[in-house]
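Have a look at the structure below before the remarks.
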Amino acid sequence: QAQSDQLLAPLLAPLQPTLKKSRYKWQFMIVNDPQSNAFALPGGQVVIHSGLILKARNADEVLGVLGHEIAHVEQQHSVQNLIASAGAYLVVSALFGDVTGLTAVLVNSAPMLLAQSYSRHFEEEADEVGMSYLHLAGINPQGLISFFESLVKEEEKQWRKIENDQTREAAKVGLQFLSTHPATEKRIANLKQLLAQQKPQSWHDFGSAFPALQGAVKTFATTPPKEGTS
């Protein structure tokens, strides 16, 4: 965790004023996973896959994704999904005092919290709120748009190559962020419209911070674990 904080600090610095106003205690960590993905848990823990950092073209793309994920947490989308899943059990528990079913829902919801699939409304709200965070921090929101555009192009490229159903499903896993946060052409157009509505301003220059982060993550991702560790 300490190493992740140190590596990410230069990128997260512009977002700190926004994060400090939050009700959550935010923690960011990098895990060794080749998928272009990141996810945030309801309490404010954000997990960033090494694949996202290594495949991103600039800091704005990574921070665009993080702004989007932070917005999901701040808008309590995970909690609303969980309540929707547990709704019937909450009523039963209130009437009869039976928490067995509710406990089962909470346990079964753990995978959902780790691989969120949000409604179209939640995604649009996270786009709008997330872009406002980026704008206030002086981070170019174009990064989120270019990230989604690159994923869509990569998806189209992969689909043209795939005929086997099992291989196609494996490719979907490889594009996990796109499968859990569908980036349709309409949604990208909405993001561009949101950006066009914002007042022009100068954007934060991250200088050598992002190449340094990519270099450190590449070393981390390609270094075999020491014997006796996992």
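Nothing here was measured: the structure is a model prediction, and the numbers come from that model.
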Minimum heavy-atom separation for [X] to [Y], with atom names?
{"X": "Leu134", "Y": "Gly64", "result": "CD1-CA, 3.7 Å"}
{"X": "Pro34", "Y": "Ser50", "result": "N-OG, 4.3 Å"}
{"X": "Val73", "Y": "Gly44", "result": "CG1-N, 4.3 Å"}
{"X": "Phe210", "Y": "Val62", "result": "CE1-CG2, 3.8 Å"}
{"X": "Pro211", "Y": "Ser208", "result": "CD-O, 3.3 Å"}
{"X": "Pro10", "Y": "Ala209", "result": "CB-CB, 3.7 Å"}

Between [atom1] of [X] and [atom2] of [Y], what distance do you get to the nearest 0.5 Å?
{"X": "Leu213", "Y": "Leu8", "atom1": "CG", "atom2": "CG", "value": "6.0 Å"}
{"X": "Gln197", "Y": "Met131", "atom1": "CD", "atom2": "CE", "value": "9.5 Å"}
{"X": "His49", "Y": "Gln35", "atom1": "NE2", "atom2": "CD", "value": "6.0 Å"}
{"X": "Leu7", "Y": "Phe28", "atom1": "CG", "atom2": "CZ", "value": "14.0 Å"}
{"X": "Ile139", "Y": "Asp60", "atom1": "CD1", "atom2": "CG", "value": "7.5 Å"}
{"X": "Trp26", "Y": "Leu66", "atom1": "CH2", "atom2": "CG", "value": "9.5 Å"}

Working for side-chain contact (heavy atoms from CB on, under 4.5 Å), residues Ile48 and Asn37: CA-CA 7 Å; Ile48 308 163; Asn37 198 26; over 6 Å; no
Residue pair Leu19, Ile70: steps toward the side-chain contact (heavy atoms from CB on, under 4.5 Å) verdict: CA-CA 9 Å; Leu19 297 178; Ile70 290 168; 3.8 Å; yes
Contact list for [range], test salt bridge (charged side-chain N to carboxylate O under 4.0 Å, His left out), sequence neighbours left out:
{"range": "residues 188-199", "answer": "Glu149-Lys192"}
{"range": "residues 127-144", "answer": "Asp127-Arg187"}
{"range": "residues 204-215", "answer": "none"}

When you measure from the side chain of [X] to the backbone N and O of [Y], does any donor-acceptor pair fall under 3.5 Å?
{"X": "Ser4", "Y": "Ile30", "value": "yes"}
{"X": "Lys20", "Y": "Leu15", "value": "no"}
{"X": "Thr219", "Y": "Gly215", "value": "yes"}
{"X": "Gln214", "Y": "Ala56", "value": "yes"}

Test of understanding: clusters of I, L, V, M, F, W, Y form through side-chain heavy atoms closer than 4.5 Å, transitively. Do Leu136 and Val129 belong to the same one? no
Taking a hydrophobic cluster as the set of Ile, Leu, Val, Met, Phe, Trp and Tyr residues connected by side-chain heavy atoms closer than 4.5 Å, whether directly or through intermediates, do Trp203 and Phe147 fall within one such cluster?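 In one cluster with Trp203: Phe147, no.
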A side-chain contact here means heavy atoms from C-beta on lying under 4.5 Å apart; do [X] and [Y] qualify?
{"X": "Leu191", "Y": "Phe148", "result": "yes"}
{"X": "Val47", "Y": "Asp33", "result": "no"}
{"X": "Leu144", "Y": "Glu61", "result": "no"}
{"X": "Leu151", "Y": "Ser36", "result": "yes"}
{"X": "Asn190", "Y": "Glu124", "result": "yes"}
{"X": "Pro141", "Y": "Gln198", "result": "yes"}
{"X": "Leu54", "Y": "Lys218", "result": "yes"}
{"X": "Glu74", "Y": "Tyr24", "result": "yes"}

Sequence-distant partners of Ser150, side-chain contact (heavy atoms from CB on, under 4.5 Å), two or more places apart: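 Arg57.
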Let's go through Phe39 and Val46 carefully: what are the C-alpha distance in whole Å and the side-chain angles of both, what is the deciding distance for side-chain contact (heavy atoms from CB on, under 4.5 Å) to 0.1 Å, and is it a yes or a no? CA-CA 6 Å; Phe39 61 89; Val46 181; over 6 Å; no
Give every residue pair that meets the side chain to side chain donor-acceptor pair (under 3.5 Å) criterion with at least one member in residues 130-144, sequence neighbours excluded. His135-Gln201
Taking atom types as modelled, find out whether Glu123 and His68 have a side-chain donor-acceptor pair closer than 3.5 angstrom. yes
Applying ring pair (Phe, Tyr, Trp, His ring centres under 6.0 Å) to Phe206 and not counting sequence neighbours gives His204
